[in-house]
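One structure below.
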Amino acid sequence: MSKNNEVQPTAVNLICDGTSITGDIQASRDIRIDGFLNGKMKVNGKVVVGNTGKIQGDVHCKTIDVSGMVEGNIIASEMVNLKNTAVILGNITTDKISVEPGAKFTGTCKMGEPAPKKDEKK
């Protein structure tokens, strides 16, 4: 049986430089933005905003690596990575964050609290 119509599990959605999208995006796989998105994004995996990428709208995802610009709130259940060329204008809610020197972030950041430790009985 031919596998030509099957999507590979490692497939990544790509919005190339020079591409502009207006509207909301929902994706069950990872996505890379090198173009422009004006709308909300909800991704069940990883989002990468390349150097030429720009998002105007809120982003909900597991992890996000930003080298470009995001004008909106970021809600990442696992990790936010801001590269040295990143520009964020909005609030961030995440479990972990990494910010390289040179990244610009205007907003608030709320990080998850570690799970409370169980009481040990002696």
Side-chain angles (χ1 to χ4, degrees):
M1 182 173 186
S2 175
K3 295 184 177 184
N4 292 341
N5 293 332
E6 292 182 17
V7 176
Q8 296 177 1
T10 58
V12 175
N13 296 296
L14 176 62
I15 298 174
C16 297
D17 186 15
T19 302
S20 178
I21 295 178
T22 300
D24 298 344
I25 292 179
Q26 283 191 298
S28 58
R29 299 191 186 278
D30 298 347
I31 189 166
R32 180 179 176 99
I33 307 288
D34 288 312
F36 174 73
L37 169 65
N38 183 1
K40 297 176 186 175
M41 178 182 287
K42 186 170 184 179
V43 178
N44 292 338
K46 181 178 184 176
V47 174
V48 176
V49 182
N51 287 336
T52 59
K54 182 175 180 182
I55 299 174
Q56 286 183 330
D58 295 345
V59 179
H60 295 256
C61 58
K62 282 186 181 178
T63 64
I64 184 169
D65 289 351
V66 182
S67 296
M69 183 174 201
V70 176
E71 292 183 36
N73 299 321
I74 297 173
I75 299 171
S77 60
E78 294 179 7
M79 180 77 172
V80 173
N81 293 305
L82 302 182
K83 305 298 183 183
N84 63 345
T85 56
V87 177
I88 308 296
L89 303 172
N91 300 322
I92 296 174
T93 303
T94 187
D95 188 41
K96 298 175 187 170
I97 189 168
S98 170
V99 182
E100 290 183 1
K104 295 174 178 66
F105 169 46
T106 303
T108 62
C109 181
K110 181 177 180 184
M111 294 178 62
E113 298 178 28
K117 293 184 178 183
K118 293 181 181 180
D119 292 338
E120 294 182 17
K121 294 183 181 180
K122 294 183 180 182

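Computed over heavy atoms, backbone and side chain alike; hydrogens, waters and symmetry mates excluded.
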Do you know the tightest heavy-atom contact between L37 and G23? CD1-O, 3.3 Å

N81 and side chain to side chain contact (heavy atoms under 4.5 Å, CB included): which single residue from V48, D65, I97, I64 fits? D65

Is the backbone of N91 close enough, under 3.5 Å, to the side chain of N73 for a donor and an acceptor to pair up by distance? yes

Between CD of Q56 and CD of E71, what distance do you get to the nearest 0.5 Å? 4.5 Å

Is there a path of hydrophobic side-chain contacts, each under 4.5 Å between heavy atoms of I/L/V/M/F/W/Y residues, joining I75 to F105? no

Between A103 and L82 the two heavy atoms that sit nearest each other are CB-CB, 4.1 Å

Here the pair of heavy atoms bringing M79 nearest to S98 is CE-CB, 3.6 Å

What's the separation between atom CZ in F36 and atom OG1 in T19, rounded to the nearest 0.5 Å? 12.5 Å

Side-chain heavy atoms under 4.5 angstrom apart, residues restricted to Ile, Leu, Val, Met, Phe, Trp, Tyr: same cluster for I55 and I15? yes

Between M111 and K96, the two heavy atoms sitting closest are CE-CA, 3.9 Å

Among I31, I74, I25, T63, which residue meets the side chain to side chain contact (heavy atoms under 4.5 Å, CB included) test with V47? I31

Do M69 and I88 share a hydrophobic cluster (ILVMFWY, side-chain heavy atoms under 4.5 Å, transitive)? no

How far apart are the closest heavy atoms of G45 and C61, and which atoms are they? O-CB, 3.6 Å

Nearest heavy-atom pair of N51 and S67: which atoms, and what distance? OD1-CB, 3.1 Å

L14-I33 co-clustered via ILVMFWY side chain contacts under 4.5 Å: no

Membership question, hydrophobic clusters at under 4.5 Å side-chain separation (ILVMFWY): are V49 and V87 in the same one? no

Would you sort out whether N44 and S28 count as a side chain to side chain donor-acceptor pair (under 3.5 Å), showing the intermediate values? CA-CA 5 Å; N44 292 338; S28 58; 5.5 Å; no

